[in-house]
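Only one structure is covered here, and it is reproduced in the block below.
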Amino acid sequence: MLKVLAGAFAALLALWIGGGLALVALAGPFEPSGRFVDIGGRKLRLVCAGPKSDQPVIWMEAGAWGLAADFAALQQRLAERGLRSCAYDRAGMGFSDPGPGPRDSAAIADDLQRLIAASGERGPFVFMGHSMAGQHVRLYAGRHPDQVAGLVLLDATTPEMAESPAAEAFLRRVRNLARITAVAGTLGLTKVAYYKGDRIGLPPQGRAEKRHAFVSGRHARTAAAEVLAWPQGAVQARAAVLDPAWPVAVVTAGDLRRFPGWDEARRAPERQSRAGAYENDPAATHTTLLGLAHSDAVLRGVDHVMAALR
């Protein structure tokens, strides 16, 4: 029996090592899309798609653990409609150079200001934020109101959500997950995520970029640093004021009964706007809301903001 167990263990170990080596090979030399923009001694990857026109550029901010690739499907669909959009990898995420800590909303907003200034893209912009990026977008908008044409918030957090009784338990789980993935990424254990494929529904290039990020220990550690700074960022964003003249579209996904205490907070920006719109897609998930199959509601949100601006 011991010999059988030993043999089975050896076989599993060989499979793990072999699979790990194969994954390293898969995650080897790779040409990401976009370009690298110097923001003052370090570079961030920027991916812009769609034609330049007299319509505002849609500037995209990814959620926790996210990068520009998260928006690859939306960028493709927006470009098909003649709309230009820009997504990027935050410092230390995806293919961008690391940045100084702490990686809170203030640091992220500072980097975004430098990136926009160096990008050559002309504002004002429609800012789109997914998940945790909701508070980054809010802080940026409050700091740079002259650059804001409107907002599209996708299953996005708001600083007010931190005041919900359920928030602390949720944040504790997310922080624990962040610590675990940081260690796992450093040890190379996240390579198994390469096999899990695409949880968003991305076109091929975006899917490949997302997978490469998930086998990166640096990406996992930076994502953890951002999540651990979430409460600090919520305080920073809470002080930012949104102009009620900005058109705002809020889009959520899934069963609204799961987080009843947060719905009011998530919809606050839309309700404060004089041109607010809201839609929930019960068939979408927090991630597939960004994908090729379930992003119709997002496009309708963009249409609402663009129509309000016209």
Distance (rounded to the nearest 0.5 Å) between Glu61 CD and Cys86 SG: 12.5 Å
Tell me if the centroids of the rings in His286 and His130 come within less than 6.0 Å of each other. yes
Minimum heavy-atom separation for Gly206 to Ala72, with atom names? CA-CB, 3.8 Å
In the structure I gave you, are the side-chain heavy atoms of Asp110 and Ile108 within less than 4.5 Å of one another anywhere? no
For the CH2 atom of Trp59 and the CZ atom of Arg84, what is their distance to the nearest 0.5 Å? 9.0 Å
Any donor-acceptor pair under 3.5 Å linking the side-chain atoms of Arg266 with those of Thr158? no
Just wondering, do Glu121 and Val57 contact through their side chains at under 4.5 Å, heavy atoms? yes
Side chain to side chain contact (heavy atoms under 4.5 Å, CB included) between Arg238 and Gln135: does it pass, once the steps are laid out? CA-CA 8 Å; Arg238 188 75 171 87; Gln135 70 185 36; over 6 Å; no
Transitive ILVMFWY side-chain link Val137 to Phe125, under 4.5 Å: yes
Passing option when Asp303 is tested against Arg81, Arg310, Arg77 for salt bridge (Lys or Arg N to Asp or Glu O under 4.0 Å): Arg81
Kindly say whether Ala275 contributes a backbone atom to a donor-acceptor pair with the side chain of His304 at under 3.5 angstrom? yes
State, yes or no, whether a side-chain contact exists between Leu290 and Phe71 at a heavy-atom distance under 4.5 Å. yes
What's the spacing between Leu46 CG and Ser119 OG if we round to 0.5 Å? 6.0 Å
I'd like to know if the side chain of Asn280 pairs up with that of Thr252 as donor and acceptor (distance under 3.5 Å, no hydrogens or angles considered). yes
Return the minimal non-hydrogen interatomic distance between Gln75 and Val47, and the atom names on each side. NE2-O, 3.1 Å
Tell me if a side-chain donor or acceptor on Ser96 pairs with a main-chain N or O of Gly92 at a distance below 3.5 Å. no
Residue pair Gly301 / Val152: nearest heavy atoms and the distance that separates them: O-CG2, 4.4 Å
Under a 4.0 Å threshold between the charged nitrogen and the carboxylate oxygen, would Asp89 count as salt-bridged to Arg45? yes
So, the side chain of Thr288 versus the backbone of Ala284: is there a donor-acceptor pair under 3.5 Å, distance only? no
Check for a donor-acceptor pair, side chain of Gln76 on one end and backbone N or O of Pro203 on the other, with a separation under 3.5 Å. no
Does the side chain of Met60 reach to within under 4.5 Å of the side chain of Tyr88, using non-hydrogen atoms? no
State whether a side-chain donor-acceptor pair under 3.5 Å links Tyr140 with Ser105. no
Shortest non-hydrogen contact from Gly99 toward Ala91: N-CB, 3.6 Å
In terms of heavy-atom contacts, Leu309 and Ala149 come closest through CD2-O, 3.2 Å
Given the options Thr157, Leu242, Leu153, Arg138 meets side chain to side chain contact (heavy atoms under 4.5 Å, CB included) only with Leu242
Contact check, side chains of Lys210 and Leu202, non-hydrogen atoms, under 4.5 Å: yes
Is Val250 reachable from Val298 through a run of hydrophobic residues whose side-chain heavy atoms are each under 4.5 Å from the next? no
Is it true that, when you exclude Arg300 itself, more than 12 heavy atoms of the residues, nucleotides or ligands shown sit nearer than 6.0 Å to its CZ? yes
For residues Glu226 and Trp65, is any side-chain donor paired with an opposing acceptor at under 3.5 Å? no
Roughly how far apart are Arg103 CZ and Asp111 CG, rounded to 0.5 Å? 5.0 Å
Here the gap from Glu279 atom CD to Asp296 atom CG, rounded to the nearest 0.5 Å, amounts to 9.0 Å
Answer yes or no: is there a donor N or O on one side and an acceptor on the other, between the side chain of Asp97 and the main chain of Lys43, under 3.5 Å? yes
Shortest non-hydrogen contact from Pro51 to Ala79? CD-O, 4.3 Å
Nearest-0.5 Å distance, CG of residue Leu74 to CG of residue Leu299: 6.5 Å
